[in-house]
S.K.: 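Can you keep this structure in mind? I'll have questions shortly.
Order of the sequence lines sets the chain letters (A, B, ...), proteins ahead of strands, with each chain counted from 1.
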Amino acid sequence: MDRKEISRILNEIGVMLELIGESPFKSRAYYNGARTVELLKEDIGDLVAGDRLKDIKGIGKALDEKISELVKTGRLRYYDNLKNQIPEGLFEILKVPGLGPKKVRTLYEKLSITTLGELEYSCIENRLVDLPGFGEKTQQKVLEGIQYLKKNRGRYLYPEAWSRAEELIGAMEKEEEVKHISAAGSLRRKSETVKDIDILAAGYDAEAIMDKFEALPGIEKTVERGSSKLGVLLENGIRVDLRVVSPEQYPFALHHFTGSKEHNTAMRHRSKGMGYKINEYGIFREDGDEGVSCASEEEFFKTLGLSFIPPEIRENTGEIEAAEEGNLPSLVEAADIKGLFHVHTVYSDGSASIEDMAEMARSLGAEYIGISDHSRSAYYAGGLKEDQIKRQREEIDRLNGKLRDFRIFAGIESDILPDGSLDYPDSILEKFDFVIASVHSNFTMDRDSMTKRLVRALENPFVTMLGHPTGRLLLAREGYPVDLESVIEAAAEKGKIIELNANPYRLDLEWHWCRRAKERGVKISINPDAHNLEGLKDIIYGVNAARKGWLSKQDVFNTYPLDVMVDVLSRGRGGE
DNA sequence: GCCGTTTTCGGCCCGACTGTTTTCAGTCG
């Protein structure tokens with residue numbers, strides 16, 4: 001059993017403990033354990049075998065025994081017992097906004113409600129109003145929450161949320177009451193998907209600011225409103241939370257509302273050890289109410305003895321320790337990207353010509369572009385036959401002849417067949433400037449076979465990089481099961497690049513693993529996988545993800561300037 | 001259930017908002 005599965009089970013135990021009314025601290029211990037296991041670097045089997053699990057912070061005797069049982073037997077009696085006590089449907093009911101474990105438990109115990117459907121029916125039958133802690137309004141809210149859940153699964157891709165947030169912030173910036181305004185929360189941390197939009201504003205007249213916000217176009221209704229907090233729904237269903245603080249409180253509040261929750265918890269804990277209390281309003285000495293003023297987030301961190309931690313990496317995965325030691329990486333920026341690989345054209349399933357794609361890339365500041373249409377086994381995408389490859393090459397050579405200070409590299413996105421071989425012979429592969437190897441079919445292999453398939457592809461001397469390593473589609477499809485640790489290892493050994501596909505639906509290699517690749521010395525290429533002109537701009541989402549993965553300029557392949565890239569690609573071709 | 005340059009017991013991060021309550025529990029972030 002892998003650590004992802006173990007982490008899931010520990011999390012579920014945490015939820016179940018809340019549902020049966022156990023101590024909240026006990027559930028938290030399981031949540032912490034789940035996170036700890038998820039982020040483990042070392043193989044969990046080895047840790048269990050070496051009896052070293054309980055040396056890890058957050059894992060004590062009880063969790064050690066339970067994790068060991070899972071690893072050794074693949075089962076956990078404690079979990080099974082809990083699971084038998086708790087109807088499956090309660091987990092779905094927990095997702096209804098406004099319902100937490102306590103209320104769900106009441107619904108179950110008093111009304112025997114175990115499914116979302118039963119809950120909806122009970123609301124319509126007016127049966128919630130008499131329950132302790134419930135009332136008319138709660139019942140109405142629950143009913144609306146069920147509709148909301150049915151309408152959408154409650155998460156949005158980053159670009160959709162970001163563009164709406166930019167519009168709202170842009171409109172509010174013009175208001176004179178607004179002294180500062182910024183996105184906060186998971187949006188500011190550049191998460192791949194977000195549940196809602198958090199916006200923080202600073203000003204002295206919160207009521208006026210909230211009034212103006214409520215009146216912005218696209219806002220459908222107000223869900224909650226207090227003296228400093230406003231919650232609204234947009235017409236597309238996204239929830240927006242606006243918080244208003246004073247300009248003096250802004251730096252503290254910006255940090256607080258940017259999160260993550262785990263980062264904040266760790267920061268508060270650390271501050272406490274220094275004799276400070278921190279919250280969204282300031283930094284206070286524990287022995288008095290006196291606050292420490294800070295003009296910016298930079299000063300906030302400085303006061304606490306830390307260098308500035310970029311929002312993207314505030315996940316409590318070592319950033320605080322690194323900031324303390326002055327070891328934070330200098331994160332890659334969009335301007336560092338010097339060229340764009342993985343670009344499709346009209347030769348396969350793209351909609352633009354090679355020349356137009358090149359011009360667009362150039363206008364975006366690139367020095368080179370790497371054309372890689374689909375290969376012959378991708379029938380559905382118009383994969384290239386041998387004669388088309390030849391024609392495309394001729395066109396690229398012709399264009400390169402007339403372009404100055406810009407270069408088009410001729411490549412291919414070659415399918416990795418089930419056995420790990422590519423779908424062209426070496427005699428064809430060797431003619432390309434670069435080769436991206438990707439899986440586009442036979443997703444349903446077991447983990448071992450898929451891992452072998454990818455590793456074998458990486459062993460091919462003509463392969464430059466591995467494309468979208470897990471095949472996941474955010475909010476739509478899980479990636480195929482694969483042991484990425486071994487894949488990264490193989491890439492490290494063979495000196496291969498791994499793609500971070502910048503398409504906002506993919507962002508594959510996922511950022512956790514980017515960090516792992518960096519540790520192993522594997523370079524990441526941030527590729528747009530563009531099928532039209534606009535698609536080239538998706539590169540920014542890849543840069544966001546790379547930043548979350550702690551990548552610096554030197555960790556990213558396509559930050560090489562043109563002359564270096566020409567050199568690297570000519571040397572790397574099968575000559576190892 | 002975890003943890004300890006105060007501790008092996010008694011803590012465990014903090015605050016806004018809502019709705020149900022007559023002073024607070026539950027939820028959320």
S.K.: A:Thr138 side chain N/O closer than 4.0 Å to the phosphate oxygens (OP1, OP2) of B:dT20?
M.R.: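 Checking B:dT20 against A:Thr138, a side-chain N or O does come within under 4.0 Å of OP1 or OP2.
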S.K.: Would A:Arg314 and A:Phe308 count as a cation-pi pair here, with the cationic atom under 6.0 angstrom from the ring centre and within 45° of the axis?
M.R.: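 That pair qualifies as a cation-pi contact.
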S.K.: Hey, are A:Asp64 and A:Ser68 close enough side-chain-wise for a donor-acceptor pair under 3.5 Å?
M.R.: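 Yes, side-chain donor-acceptor contact under 3.5 Å.
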S.K.: Find the distance A:Tyr281:OH to B:dA16:C1' and express it as a whole number of Å.
M.R.: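 So the two atoms are 7 Å apart, to the nearest Å.
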S.K.: Between protein and nucleotides 23-28 of chain B, map the contacts as a letter string: B base, S sugar-phosphate only, - none, heavy atoms under 4.0 Å, written 5' to 3'.
M.R.: ---SSS
S.K.: Closer than 4.0 Å, any side-chain N/O of A:Asn279 to the OP1 or OP2 of B:dG15?
M.R.: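 So the side chain of A:Asn279 is within the cut-off, an N or O lying under 4.0 Å from OP1 or OP2 of B:dG15.
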S.K.: If we count only N and O atoms by modelled type, under 3.5 Å, do the side chains of A:Asn126 and A:Gln139 hold a donor and an acceptor together?
M.R.: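 On atom types as modelled, these side chains qualify, holding a pair under 3.5 Å.
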S.K.: Please determine whether a side-chain nitrogen or oxygen atom of A:Thr265 lies at a distance below 4.0 Å from atom OP1 or OP2 of B:dC14.
M.R.: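 It does not, given that no N or O in the side chain of A:Thr265 lies less than 4.0 Å from OP1 or OP2 of B:dC14.
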S.K.: Considering non-hydrogen atoms only, spot the tightest contact between A:Thr303 and A:Cys294 and give its length.
M.R.: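 Residues A:Thr303 and A:Cys294, closest heavy atoms: OG1-SG, 3.4 Å.
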S.K.: Have a look at B:dT7 and give me syn or anti from its glycosidic angle (syn if within 90° of zero).
M.R.: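 Base orientation relative to the sugar is syn.
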S.K.: Just to be sure I understand the rule, does A:Ser27 reach a base, reach only the sugar-phosphate, or reach nothing, if contact means heavy atoms closer than 4.0 Å?
M.R.: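 Since no nucleic acid heavy atom lies under 4.0 Å of A:Ser27, the category is nothing.
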S.K.: Could I get a table of every N or O pair under 3.5 Å where one atom is in the protein and the other is in nucleotides 3-11 of chain B?
M.R.:
{"from": "B:dC3", "atom 1": "OP1", "to": "A:Gly58", "atom 2": "N", "distance (Å)": "2.4"}

S.K.: Among all residues two or more places apart in sequence or in another chain, which pass the side chain to side chain donor-acceptor pair (under 3.5 Å) test with A:Glu207?
M.R.: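 A:Glu207 satisfies side chain to side chain donor-acceptor pair (under 3.5 Å) with A:Arg225 once adjacent residues are dropped.
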S.K.: Closest to the A:Lys141 side chain: B:dG1, B:dT18, B:dA16?
M.R.: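 Among B:dG1, B:dT18, B:dA16, the one nearest the side chain of A:Lys141 is B:dT18.
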S.K.: Can a side-chain donor-acceptor contact be found between A:Tyr204 and A:Glu248 if the only test is distance below 3.5 angstrom?
M.R.: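 The answer is yes; a qualifying pair exists.
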S.K.: Decide whether A:Tyr31 and A:Glu18 meet the rule of one side-chain donor and one side-chain acceptor closer than 3.5 Å.
M.R.: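 A:Glu18 and A:Tyr31 do have a side-chain donor-acceptor pair below 3.5 Å.
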